[in-house]
Amino acid sequence: MSCAFSAVTMAQPNPLTTNRLSTYAIKLPPFLGSTRKLRPHSLSKSLPSPSKSLRSSTSSVSDVVKELKSNLLITKEEGLELYEDMILGRAFEDMCAQMYYRGKMFGFVHLYNGQEAVSTGFIKLLKKDDCVVSTYRDHVHALSKGVTARAVMSELFGKTTGCCRGQGGSMHMFDKEHNVLGGFAFIGEGIPVATGAAFTSLYKRNVLKEAGGNTVTLAFFGDGTCNNGQFYECLNMAALWKLPIVFVVENNLWAIGMSHLRATSDPEIWKKAPAFGMPGVHVDGMDVLKVREVAKESILRARRGEGPTLVECETYRFRGHSLADPDELRDPAEKAHYAKRDPIAAMKKYMIENKLVNESELKAIEKKIDEVVEDAVEFADESPLPPRSQLLGNVFADPKGFGIAPDGTYRCEDPKFTQGTAHV
Amino acid sequence: MLALLRRQINFGAISSSGLDRSLHRFWFNGSRGFAAAAKEMTVRDALNSALDEEMSADPKVFIMGEEVGEYQGAYKVTKGLLEKYGPDRVLDTPITEAGFAGIGVGAAYYGLKPVIEFMTFNFSMQAIDHIINSAAKSNYMSSGQISVPIVFRGPNGAAAGVGAQHSQCFAAWYGSCPGLKVLTPYSSEDARGLLKAAIRDPDPVVFLENELMYGQSFPVSAEALDSSFCIPIGKAKIEREGKDVTITAFSKMVGYALQAAEALAKEGISAEVINLRSIRPLDRATINASVRKTNRLVTVEEGLPQHVIEESFGYLDAPVERIAGADVPMPYAANLERMALPQIEDIVRAAKRACYRSVPMAAAA
C-alpha cells in the first residue's frame, strides 16, 4: 500500500510479520499540533519539536498541492460539495447558538464550530448504509451523513417532527435510515457501539452471506476519550478480528477545562494504535483535503477487509465545550492560532487560487445554506410539541413489556394506555 | 376539633417566611452571600464550605474528579479549593470514571479519605463495579479488617432538558446495595451537615445532590455554620408538622412536597412533610411514628418507588400513595420531561385521595 503524500504522517507497520517496534522507531514524524509553544505553562517536555516548514504555513492545503506535483486533489463538483457541507455545519451551529440564547433550545448543546473539516472530510466519502457513531457533539455528523437540517433542528427544539421525535435531544441524534447510530452523552460509549456495528457488517458477509455487505463504520470521539478504558478494549478487539471500522479522534486539545496535555501521559494518540497492531495516522484536522485523503485510504482499507485504522485529527473547537461553558481556561493566543486555520477559509482560498470556482459560486452556496437553515428554524418553530401519548411509547419495542394490568389483559392493549402516566 | 385544624402550621426550627422566600426563588441562582445579618446560604456554598472545613481539619481528605480543580468544579461546588489546598489534594482526572473511582477505593483501603466527584451520577455507571464490588462489599468480605471511608458525591436526578443519559435518579438503585450508605440532602443545612458526616464516616457513602438545588438559598442557623456541625446519618427530619397525611420525600421533591402542603392547607388538609435525608439507612421509626399519627401516607420521588410501611400497616386508613417518575427514560422535549417527573399538582391530588378528599372537615365550619 503506497502513501504518496508526505504532508501526512503515517506510522504504519506492515502486516504483523515484521517487527512492529523497529518500523515505529525508524521514523519519528513531527507532531503537527503541539501546543507546547502555545501554552506558556506546558507540563509536557517530551514532545518532539514540530517540523518548522509545516508548522509555519497557515494555509497548509497549498503545501499538499506543491508536494504532490500532480493534479488537484478534487474536482470542481467535489469541491463544491465539500464546501457546501462545511458551510451547512457552520451556519447550523451558529443558528443553534442563537436559538439557545433565545430559549428555543435548552439543556446541553455542544457546538462543532471549527471542526467541520473532520466531519466533511470523512463522512462525505461514505455510502448510505455505512454507519456513523458519534458523541454529544453530533449535530454536524448527522447533517453530513444526510439527516435533514429540518429534522435536526426540530429535534433540538424538542418537537415531534425531530429525528427522534423530541425524545433524544441535542446529544442523542439517532437516524436509522441514514445509519446514524447516535449521539451518546458518555464519552467512550459510542466506541463499543461502533465496533459492534462493524462486527455486524463482517458477520453479515461471512455468516449470513448477504450480498452487498462491506459497510464501514466510523467512530468519532475526542481526545479525552483516549484515556478511557473502553477505547483500548475496542482497539484491541477491532484489530484482533479485523473489523471494518475507522476510529477517528477529533483531538481538539481540550475536554471541557482539562487540557489534553494535563490528562494524558503520552499525548500523541496516533501512537497508541501500533501497540494494537493497526496503523495510526496523524493528520491536520483543520484541512479538509488532507483529512479526505487519509479518510479515503482508511475507508478503503476497512472495505477491503484489512482491518481498522486509528486516525488522529488535530483540530480545534472555536466555541466553548458547550453553550454553558464560559471557556475561560483556554489561551486566547491558542484560539487565535487556530482561528487563522479556519477550515472553511482555507478551502475557499484553495478553490479560488486553483481556479476551481469563482467567488460568486461560493456566495451562492452560502446564500442557499442560509435559506436552508432559516427554513429549518421556521419548520421547527411551527412543528407541534410531542403529544402526551408519546411519553409511554417506545420504551420497549414490544410494548407487552409494560406488563399485565390488574384486569388480566396486557396494559398496552388498553386503548387508553398511553394517555395516562402510570397510575397517578 | 375544627379549631385544631385551623391552627397555624408549625414549622419547627425554620421560620416559615424564610422557607417561603427561598422556595419562591426556585429558578434564580440564589444569593451567594451568607452575611452575618442574612444567614442564608446556597446549597452550593454549603457543600463548598463543608468540603473546605473537612479538608482543613483532616489532611487525609482529598478530592478527585473531573474538572474539580482548574475549572473550579463542573457545577462550581469545589470552587477555590485548588488554590487553597493545591494540586496534591484536589486532583483533576482524565475522563475515566472506572479508573479514578477504583483509585479512590484503593486509597481508602490503605488509609486515606477520598471524596470522589462524579460529574453526574449517571457517569457513576461507568464506575459501578468499584462502588459496589470494591467499596460496598469490602468491610464484609474482609470481616471488618478493611473499611472504606470514601464518599462518592455528585448531582443526581433530572436537571432541565439534559436528556435520558443525564437525568436518572439513582436513589433507589444505590439504596438497594448492602454496604453503602446513601444520603440525599435537601436544604443547605442538610448539605453541610450530611457531607461533613459522610466524610467523617468510616463507610462508603453515596452522596446524591441535585443540580437544580445548587443555586437555591436557605437560611442556616449559627449552629449549622460551626465547623463541627454534623447531622446524624439515618435520621429523617420533619420539615412541616401536620395531622392528616404524611408526605415523605427527599432532595428536590421535598421542596415540591412543601409547596403541595401549602396548597393542601388552603383546602383544610394538614400535611406532615418528612425530609428523609438518608435513603440508606432509612429512618423507619420517624416515618412509622408519623403514619401512626396521621394514618395516611404519600411517598414522592423522581425515580423508582421504595416501600417502607409493613410495620404500620394496621394504622393506615387509606392505601399508601406512591408518587414516582414515569416508568420511562427521561425524554428531552420540555413538555414530555415535565410529564415524566412528579409535579406539585400530583402530590396534592394524591394527598387528597389518601384523605378521601376529606375537605369537608374545613368546609363544614
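Throughout, protein chains are lettered first and strands after them, A, B, ... in sequence-line order, and every chain is numbered starting at 1. Here the structure is a predicted model, which is why all the values come from computation and not from measurement.
- Residue contact with chain B, scored on non-hydrogen atoms closer than 4.5 Å, involves the backbone and the side chain of A:M258 alike.
- Between B:H166 and A:F108, the ring planes lie perpendicular to each other; the angle is over 60°, past the 30° to 60° tilted range.
- Between B:E66 and A:I256 there is no side-chain heavy-atom pair separated by less than 4.5 Å.
- Of the atoms belonging to A:E328, not a single heavy atom falls under 4.5 Å from chain B.
- For B:N335, the part sitting under 4.5 Å from any heavy atom of chain A is the side chain, from C-beta outward, and nothing else.
- Interface residue B:A164: only backbone heavy atoms are found under 4.5 Å from chain A.
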Before you tell me yes or no, could you show the steps for B:F152 and B:Y174 under ring pair (Phe, Tyr, Trp, His ring centres under 6.0 Å), namely the whole-Å CA-CA distance, both residues' side-chain angles and the distance that decides it to 0.1 Å? CA-CA 11 Å; B:F152 298 103; B:Y174 284 117; 8.2 Å; no
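- Using a 4.5 Å cut-off between heavy atoms, A:Y136 makes no contact with chain B at all.
- Relative to the ring axis of A:F220, A:R137 does not place its NZ or CZ within 45° and under 6.0 Å from the centre.
- Both the backbone and the side chain of A:D325 come within less than 4.5 Å of a heavy atom of chain B.
- For the pair B:K76 and B:Y71, the cation-pi criterion (under 6.0 Å, within 45° of the ring axis) is fulfilled.
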Walk me through it: do A:T225 and A:N228 pass the test side-chain hydrogen bond (donor to acceptor under 3.5 Å, both in side chains)? CA-CA 5 Å; A:T225 310; A:N228 198 287; over 6 Å; no
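- Below 4.5 Å, heavy atoms of chain A meet no heavy atom from residues 80-89 of chain B.
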